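Beneath this line is the structure, given in structure tokens, with notes to follow.
All heavy atoms count here, side chains included; hydrogens, waters and symmetry mates do not. Note that the coordinates shown come from a computational prediction; the quantities given were computed from them, not determined experimentally.
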Amino acid sequence: MPTHLTHWGAFEAETDGRSLNSVRPWSGDPDPRDLIHNVASAQHHPTRVLRPAVRLGWLEHGPGSGSGRGTEPFVEVSWERAIDLVSGELGRVYAEHGPSAVYGGSYGWASAGRFHHAQSQIHRFLNTLGGYVAGWGDYSYGASGILLPHVVGTTGTIMKGATSWDVISRTTDLFISFGGLSEKNSGISSGGIGRHPARDAIRRAVARGCRFIDISPIADDTYAEAKAEWIAPLPGSDAALMLALAFVLDAEDLADRAFLSTHCVGFDQFLPYLRGTVDGIPKNPAWAERLTGVPADRIVRLARDMAASRTMINLSWSLQRQQHGEQPIWLGVTLAAMLGQIGLPGGGFQHGYGATADVGLPKRVASAPSLPQGHNAEASGIPVARISDMLLTPGREIDFDGRRITLPKIELIYWAGGNPFHHHQDLARLRRAFTKPATVVVHEQFWTSTARHADIVLPATMSFERHDYGAGRNDPAFFPMPALTEPAGEARDDYAIFSALAERLGRGESFTEGRDVMGWLHHLYEAWRSRLAECDIEVVDFDTFWGSENIAIPVVDKDQVLFSEFRRDPGASPLSTASGKIEIHSSTIARFGYDDCPGHPVWIAPDEWLGSSGARHLHLIANQPRTRLHSQLDIGDTSQKAKVAGREPLRMHPQDAATRGLSDGDVVRVHNERGSCLVGLVVSDAIRRGVVQLSAGAWYDPDPDDPSFCRHGNPNVLTADRPASSLSQATTAQHALVEVEKWLGEVPEVSVTTRPPRLLDASSHDQSR
Ligand SMILES: Nc1nc2c(c(=O)[nH]1)N[C@H]1C(S)=C(S)[C@@H](COP(=O)(O)OP(=O)(O)OC[C@H]3O[C@@H](n4cnc5c(=O)[nH]c(N)nc54)[C@H](O)[C@@H]3O)O[C@H]1N2
Ligand SMILES: Nc1nc2c(c(=O)[nH]1)N[C@H]1C(S)=C(S)[C@@H](COP(=O)(O)OP(=O)(O)OC[C@H]3O[C@@H](n4cnc5c(=O)[nH]c(N)nc54)[C@H](O)[C@@H]3O)O[C@H]1N2
Ligand SMILES: [Mo]
């Protein structure tokens, strides 16, 4: 059976050339995930985009008229007409406004496959037209991605350089995970994953005697195999807990002073804050108990244990997807520095074991070949999560990593491979923002909420409807991905769409370089093979690769330990920070002068958390979903089976449900001052009291009269569009305060996952207009 790669693993499929008839996990994967069962069930779903479509108001009145976005019907048109309309509008906007008016950030995960990777395609295309306004950073580790380069080096170095799972399983004695060690999240890796490595490594570590501690508001977001002890501080209070652990290490003289002086800078500037000599508040366990709810004696014992063991401190990405998210990450590094085990096998810190399948896989000699994006001649951009701010308040200046940035004025938005009406916060505000530009073009496979808010929607193929190859970050398994079926309806590859547009705009040659898809796959592969050969690394030729199940990209060092060379000799192998050392105090950040991110890590209470509201509210954890990747294939079998009363499930502690008179299976309304949604209740004692969990990714299904009310359960109608800090301007999607009550009204239908928007026939419209 032919194999195919997705972000959530490889599968083998039986196909009749039109549809995938059955799909099963690739036999080489020791720990496959049931997300693969979303794929076949989605391909011919009624919400698939089958033909190019144009919003009625845009077709009739031209660019502008944005208030109709998200409500007006679409008119299906021929590909020829669609290419005319899009190339005409691109030509107009570039001529009249230039590239600074085109938002092409187009954030999103798209599909596995190196060539058809939608972001590479759209960026290459817009670059051939003169460039575009970019979206900098990401939603994954937006705050730490800006912070860590000042403190220890780039996140790329840390993710790719993580101490390998193999080394962990052999050497770590105490594995402390702030934010869980997620079984669901480590099912996934951007670009794909061949063999899922974590479960087996955790099993081996436990068998050897390693203890796991899970610090998280949710008990079951850690592998059951870890047999972890559960400590559940108030969400958002990790920085306080970490400060108290640091306080004990200092007070009991358990800190490694030698390592702090040879490998770190700024510990002395941090100490007066820790001890409370500057502000009269010692950050001791009694202080932290009041903020976190974790008993002071448990904090003391934990600190002593950490100092007495080979300890790995794992910092999930969720820790920083919140207001002041920089602080727990900086403090986690500080704790590891005080233990003095950074660079030793099994000790130190990591950012994101469990976040994705690739963290903990050793580096390869090279990443798999990919499509060059070319050069973006437009210098302006935005921190990626500032999209609503940009559209609503062009010209405004904001801080960002020591700079002042002016938000550009956008005339045209072009999106391929992402779903902002899933991924962005405060969706009612995003919807207002999306009325502003003259034109919105989207390439999509499905009638997602973003497609429904566009003016022109062009149908894209799914990854198994086209030839490609793929491998995720650090994954040695490199898969050929020959097409398994024909495209659904009139769907075209993003590459084919951009080629046709480039041709029409007179840029065809520079976009395609005269190659078709197979021409590119062959060309990119052979160029990659030659580069490897120059380093005496041999891989098979393209034809052999194409005929194989997959090939292995060699690994540099399977016993990789993060920062081992820096530890051995910090002078010869410095970090990429300003001082070359670990910066517990950063003079650079101090110089920026931000109140919400000073020169060393601190505790700053967030605006929305239980510590400020007492028992009046519930703390929402809007984390990643277990049954799909973000919003992708929400219409698929695995995702649909987990819905409760036809909506996204919300989990709540039994006592919180009892106080509100709610029971399992109820349709309930979650609300706060920004919005509300309907969800299906699941009562569970895996959730800390006072906390509720509603994962992201249910397709936004706004009430026609109230866009802040989602009938399906998308938590982003509730989350705030509030930056983590002036330093990073990153998303804070993880947390919000909410209230939950029984829904007593009639339960409305969820339409977004059952049928397309109203589609009108082109013949009823004047084609010559
Ligand atoms: N509340 C809350 N919000 C969050 C998060 C959270 O934890 N909580 N997480 C955030 C994070 S970390 C992330 S990374 C984002 C994810 O946000 P996104 O990456 O935008 O989410 P996806 O659902 O993966 O969107 C990908 C879209 O691309 C489409 N697509 C797939 N393949 C192709 C292709 O080949 N061509 C084209 N044209 N389209 C394709 C899919 O149908 C889908 O609609 O969400 C963020 N938002
Ligand atoms: N199945 C699946 N896997 C995914 C994804 C997906 O959509 N689906 N998305 C992928 C992407 S793009 C990313 S960026 C990663 C994200 O990886 P993460 O950011 O780590 O994932 P989340 O699921 O948002 O959060 C993980 C857990 O952190 C805990 N947590 C939340 N808030 C707090 C807090 O304040 N303190 C502490 N101590 N713990 C807290 C909760 O238990 C939560 O479930 O996941 C990736 N993996
Ligand atoms: Mo992400």
Taking atom types as modelled, find out whether [X] and [Y] have a side-chain donor-acceptor pair closer than 3.5 angstrom.
| X | Y | result |
| --- | --- | --- |
| T356 | D358 | yes |
| D173 | S309 | no |
| H630 | H423 | no |
| Q320 | S144 | yes |
| Q655 | T659 | no |
| S728 | E326 | yes |
| D268 | H585 | no |

Inset, instruction - Name the orientation class of the two ring planes belonging to F270 and Y273 (parallel below 30°, tilted from 30 to 60°, perpendicular beyond 60°). - result: tilted
Do [X] and [Y] have side-chain heavy atoms sitting under 4.5 Å apart?
| X | Y | result |
| --- | --- | --- |
| H619 | L234 | no |
| L620 | L718 | yes |
| Q560 | T163 | no |

Legend entry - Ring-face cation contact, F212 with K227, 6.0 Å cut, 45° max: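 Checked: cation-pi criterion not met.
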Legend entry - R403 NZ/CZ over W136 ring centroid, <6.0 Å and within 45° of normal: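 Positive - R403 is close enough to the ring of W136 and near enough to its axis.
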Inset, instruction - Indicate yes or no: does R386 engage D389 in a salt bridge with an N to O separation below 4.0 Å. - result: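 Result for this pair is yes, salt bridge flagged.
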Inset, instruction - In plain terms, say whether D666 and K742 are close enough for a salt bridge, that is, a side-chain N and a carboxylate O under 4.0 Å apart. - result: yes
Inset, instruction - Quickly, which of N623, D221, T222 forms a side-chain hydrogen bond (donor to acceptor under 3.5 Å, both in side chains) with S182? Name it, please. - result: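 The residue from N623, D221, T222 that satisfies side-chain hydrogen bond (donor to acceptor under 3.5 Å, both in side chains) with S182 turns out to be D221.
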Legend entry - side chain to side chain donor-acceptor pair (under 3.5 Å) assessment of S316 paired with Y353: CA-CA 7 Å; S316 77; Y353 286 121; over 6 Å; no
